[in-house]
Amino acid sequence: MSLWEYANPVKFMALSGRVLPFATLLAASCLFTGLIWGFFFTADDFKQGSTVKIIFLHVPAAMMAINIWIMMLIASLIWLIRRHHVSALAARAAAPIGITMTLIALFTGAIWGKPMWGTYWAWDPRLTSFIILFVFYLGYNALWAAVDDDDTAADLTSILCMVGSVFALLSRYAVNLWNNGLHQSATLTVTERSPIDASYYTPLLICIAGFILLFITLVLLRTRTHIRLRRTRALLARGSA
Amino acid sequence: MFTVKNITAQRGPRAILQNVSFSLAAGDCLILRGPNGSGKTTLLRTLAGLSPPSAGEINVNPEDIVYTAHLDAVKPQLTVAENIVFWHGIYQTAQSDTLKRFNLTDLAQRDAATLSAGQKRRLGLARLHISGCKIWLLDEPTTALDADHVAEFAQILTDHCASGGIAVVSTHLELPLPNAQTLDITQFAPTETHADPFLEGSF
Amino acid sequence: MFTVKNITAQRGPRAILQNVSFSLAAGDCLILRGPNGSGKTTLLRTLAGLSPPSAGEINVNPEDIVYTAHLDAVKPQLTVAENIVFWHGIYQTAQSDTLKRFNLTDLAQRDAATLSAGQKRRLGLARLHISGCKIWLLDEPTTALDADHVAEFAQILTDHCASGGIAVVSTHLELPLPNAQTLDITQFAPTETHADPFLEGSF
Amino acid sequence: MIPDLGKYATDVLSAYAIAILLLVALVAVSLRQSAKARKALQDAEQRAKP
Amino acid sequence: MLPLIKRDITLALRSGGGFGLALAFFLILILFVPFGVGPDRVLLATIAPGILWIGALLSCLLSLDRIFQLDAEDGTLDALATAPIPLTGLATAKAAAHWITTGLPLTVASAPLGYLLGLPSTGYLWLIASLAIGTLSLSFLGMFGAAVTVGIKRGGLLLSLLVLPLYIPTLILGAQTVTRAINGDNPTATLAFLAGLTLLTVALIPFAASMALRANLR
Amino acid sequence: MLPLIKRDITLALRSGGGFGLALAFFLILILFVPFGVGPDRVLLATIAPGILWIGALLSCLLSLDRIFQLDAEDGTLDALATAPIPLTGLATAKAAAHWITTGLPLTVASAPLGYLLGLPSTGYLWLIASLAIGTLSLSFLGMFGAAVTVGIKRGGLLLSLLVLPLYIPTLILGAQTVTRAINGDNPTATLAFLAGLTLLTVALIPFAASMALRANLR
Ligand code: HEM
Ligand SMILES: Nc1ncnc2c1ncn2[C@@H]1O[C@H](COP(=O)(O)OP(=O)(O)OP(=O)(O)O)[C@@H](O)[C@H]1O
Ligand SMILES: Nc1ncnc2c1ncn2[C@@H]1O[C@H](COP(=O)(O)OP(=O)(O)OP(=O)(O)O)[C@@H](O)[C@H]1O
Ligand SMILES: [Mg+2]
Ligand SMILES: [Mg+2]
């Protein structure tokens, strides 16, 4: 018995149906614990004051935003190589989650930036890269929505994801070059900051786990939705032959 | 020379035709028959290699095939003559009497945009002759042609087969092709076996 | 009800037909005949009011006219039903049995982009029925239709005329229309009088 | 109940509010789409059966 | 006219439509400016009003060729022209639908994008007001350009060329309104001019467009 | 492949083609900038490299949807795909023709337009070099975007959305090259990077594009 079996829609629906309640429960409890702990029971940082509490949203969201794209890339490659439909649909299901995570990272980061750097937005390479990632997500999502035929859409988005990954990476390097090359007064950047205090460490880990579990839950749920929609279309198409 | 074994022709997620098999030798002409929506276009596109069959196999050298679709592949901004020169360049064939055979001599210097429906179709069909390919796949080639030109085109088709060519033609009209076989494609309508993995089982 | 007097039909700079005259009363059906490029489409566009005649006059209420061209006026992104609802909205008519009459009921929820050539043509023709107009101008309406649907459409056309409608149809095919008159338009080919002012005199 | 957030209270609270709002919206949209898809599929299966 | 507007909005929301896309294009365009001219905040803030207006204008421009061309290609335009609605009504409906699906979202999106460029806080209100009024005129002028070029296959570039000069007054008045607001001058006069321009456009352009359509359908 | 490039150039020179149009669009875009941001010469000179690069990029963008769409609409693409030329060859030919009809003229035109914006004299050589190399990569990436969106009617806006993020590294490196040259820094490193990027694009993108075409023709 191989793992690929679950790439079959029927098998996947059965398995994911069983996993989903547990995933939901775990995700909810981790998020709840982590965020409550982080928000209510951590001390203020001596330099950042209470704003340090934003870390429990910002860091997990930022991590997920990047990792979800990587997951989509892997799923796309699986579709291109082995043509497992569920894999393509999982990539499709993940994109809106990635968009939300990117938005959360951007918003929380921006709000954090105001007290820390005195502005909501600076053209810091890291922040800029995030907007670029956001645009890649938008394009990927728009392409899925624009193509009518499901398999064609899966092919095209997979190819786009591949090419896009290469260029997202290239952009990252180019952006570094761009901002260091100019004599911009980068007073404080994300990379130059004191290491995280130990008391924030545990709740942060729990929050990260919560975000990962939330992602798993949502991907399963959304993939199931897309599988159902696919089947609906297939039934309708067959019915009206 | 051109054999098709048990292929399933697919359009979008749907299998439109299943277990299509036939075998054509030099000189054969096959007419595809079936009502609207039965899958003639789908089959021809599959044979032309545009959409791969989801099952079965096609034995043919793709370089031998030329395909004309519902659309004419005529560039409106180029003149009739320029259109012909272009396709000669693509197929790397020498120029010959194409203009005359397709009754386009008078129109040679006209922009293709100003052609009438039937004139444009003739220019589209001229590509068959230009290509020098042995196997012609034709999707309703005589649409928009008047009676005289239908007869003329049937003659071109007959000549092609007589000289060892092969043709697969979908049409709703009666074409005067004496030696043609007919294939009723409604017999290939898919049975209840699912080509779509999303139709298997239940959930 | 629909009279045409000595009109000259123009396409680009060229006069294609000259001195076309006819007069149709309620219940008449006129079939335009002529080989490719003789000017059927040009005449129909002129009658529909899309390109004004460069001479002569057309007596008709433009609101009574509905015209179907070589193209189907079908929106591929909308479903079949949505296409129909849209045209009802434009012509401000109530919805009726259009889907059934044009054999589209099974396809109602399909995106028009996925229709076969004949199915799409049927949806295009459905606009005639939707419009509720008395005068139908049809340019090769049966292109891409299979034999059964050609017969069905001929019936729809006959019914339309029988109930007091008027139809002008260009076609290369034999349509089973018992009471139709035929007009050979080759007789209107322009003589050597020039419509183009740049062809007068010499310089 | 709410801990003393000092002078950054609005910042922290709005960060949490926006993030949680976005998450809730995502979950809500996913659930709604799921319910819709489930119903559409049921209808389609019903129609396909007879 | 209402079914037409409704259908155009539906089409814009469907696959390949232009609704969210114009927005995303606007975002990227704004993003490109710092990449091009560098991340200097003072510099960016100075050019922000102009860049925002040019960006909105270009985003609007890119969706113009959809206005009539899609309908012309599948024969719908011929059918609409012979249907019992006047061509001026058709033109107005098309422009209105274009504004709803393009100008309106662009206006809404301009504020956050302005922040990215560091637009001073006095400018936002005027930015939004000038864009809301100005994009309406852009939609009507663009619709006119689309009507003129409808016969030309993929005439997108030619269309842009025809329309851009027509956009100049709107651009100047719009950008000036925002610049004045930022510099502490009184921007109401330019905004009033802009409103007058838009009114004029909305009142007259449909007639010109219907003439162009008539000529192109021949 | 040669007949294809030749035909594409012919078509671009014919009515409604994109040859002069991309140039004219570039010109107008550059003219728009002073209208938007004001006529301050120092300011204009500062933003000149970025604006020129963004302008060239947008002019290039606007002609992308012609690359495959026109051929798809009249059935030529189906016919070419079944003709005995490989799809990668087709893709390369299309991108090459696009560069010849768009990138090359834009590069040539950039110098006089740079003068209009008051670009300092040290920048011209680097502007031309970076544009000549960079637009080649833009053409190939754009061709890829066109191949992906060929099935979508009037997908111009979606095409832009897909392509623009891919353009970011090219834009940054290109504009940086010119900026550095003006500021007296050494621009060879960025130009070399840009050349490497272009090489990578030209070598790999045709394969991705042919996959996309294959999927779209199905
Ligand atoms: C809109 C603005 C911002 C964006 C887009 C942003 C983005 C990111 C990204 C991409 C990461 C990396 C996540 C990872 O891979 O681990 C990150 C991490 C982080 N950011 Fe931000 N950030 C922003 C503003 C801020 C601000 C203002 C602060 C606080 C001064 C901040 C503090 C942090 C911290 C503490 C981390 C964790 C770093 C680590 O553990 O590696 N961020 N952010
Ligand atoms: N993308 C698609 N998705 C689902 N069904 C499709 C798609 N494209 C076509 N079909 C359906 O496939 C069937 C076969 O279509 P095809 O075009 O092959 O028919 P055809 O025999 O050529 O008909 P015609 O004589 O009308 O041209 C039709 O019922 C059509 O509605
Ligand atoms: N823009 C134009 N400029 C010059 N001549 C044109 C133009 N458009 C069409 N023609 C010519 O006008 C003539 C009449 O064309 P029309 O389309 O009316 O023919 P038709 O009778 O409909 O032919 P078919 O049966 O092929 O559809 C043709 O010879 C055609 O080449
Ligand atoms: Mg067909
Ligand atoms: Mg005709």
Side-chain angles (χ1 to χ4, degrees), chain B residues 9-14 16-17 32-45 69-72 80 102-104 106-107 110-111 113-125 139-153 170-174 184-186, chain C residues 9-14 16-17 32-45 69-72 80 102-104 106-107 110-111 113-125 139-153 170-174 184-186:
Chain B
Q10 189 106 2
R11 194 71 170 269
R14 281 174 62 200
I16 307 282
L17 298 171
L32 303 178
R33 290 258 170 214
N36 287 147
S38 55
K40 299 177 297 298
T41 300
T42 309
L43 179 57
L44 285 169
R45 284 183 73 86
H70 285 302
L71 292 167
D72 285 318
V80 171
F102 288 84
N103 203 359
L104 293 166
D106 291 344
L107 302 169
R110 280 262 290 276
D111 274 355
T114 68
L115 298 183
S116 82
Q119 293 164 340
K120 199 163 141 240
R121 166 79 13 173
R122 256 142 58 204
L123 178 52
L125 293 174
D139 201 353
E140 295 189 45
T142 58
T143 305
L145 293 186
D146 59 29
D148 289 353
H149 284 107
V150 169
E152 232 166 84
F153 182 70
S170 98
T171 180
H172 293 302
L173 308 176
E174 292 305 324
D184 178 5
I185 64 160
T186 49
Chain C
Q10 188 104 1
R11 193 68 169 271
R14 281 175 58 200
I16 306 282
L17 298 172
L32 302 179
R33 288 263 170 209
N36 288 147
S38 55
K40 300 177 296 299
T41 301
T42 309
L43 179 56
L44 284 170
R45 284 182 73 86
H70 284 303
L71 292 167
D72 286 316
V80 171
F102 288 83
N103 202 358
L104 293 165
D106 289 345
L107 302 169
R110 279 264 288 278
D111 276 355
T114 69
L115 298 182
S116 82
Q119 292 164 340
K120 198 163 144 242
R121 165 85 1 179
R122 256 143 58 202
L123 178 52
L125 294 174
D139 201 354
E140 295 188 46
T142 57
T143 306
L145 292 187
D146 59 28
D148 289 353
H149 284 108
V150 170
E152 232 166 84
F153 182 69
S170 99
T171 180
H172 294 301
L173 308 176
E174 292 305 323
D184 179 3
I185 63 161
T186 48

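Note on naming: letters A, B, ... go to the chains in the order of the sequence lines (proteins, then strands), and numbering restarts at 1 for each one.
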Please answer whether the main-chain N or O of B/Thr114 pairs with a side-chain N or O of B/Arg110 as donor and acceptor at a distance below 3.5 Å.
yes
Output yes when a side-chain donor or acceptor of C/Asp146 lies under 3.5 Å from a complementary backbone atom of B/His172, and no otherwise.
no
Indicate yes or no for a side-chain donor-acceptor contact from B/Lys40 to the backbone of B/Pro35 under 3.5 Å, with no hydrogens or angles considered.
yes
Who wins among C/Asp139, C/Thr41, C/Thr143, C/Leu145 for the most heavy-atom pairs under 4.5 Å with chain B?
C/Leu145
Verify, without hydrogens or angle tests, whether B/Thr171 (side chain) and B/Glu140 (backbone) share a donor-acceptor contact under 3.5 angstrom.
no
Which atoms of B/Leu173 come close to chain C, meaning under 4.5 Å heavy atom to heavy atom: side chain ones, backbone ones, both, or neither?
side chain
Heavy-atom distance under 4.5 Å to chain C: side chain of B/Arg122, backbone, both or neither?
side chain
Backbone N/O of B/Ala113 and side chain of B/Asp111: donor-acceptor pair under 3.5 Å:
no
Among B/Ala144, B/Gly37, B/Ala147, B/Ser38, residue most engaged with chain C (heavy-atom pairs, under 4.5 Å)
B/Ala144
Applying a strict 4.5 Å limit to non-hydrogen atoms, the region of C/Arg11 in contact with chain B is neither
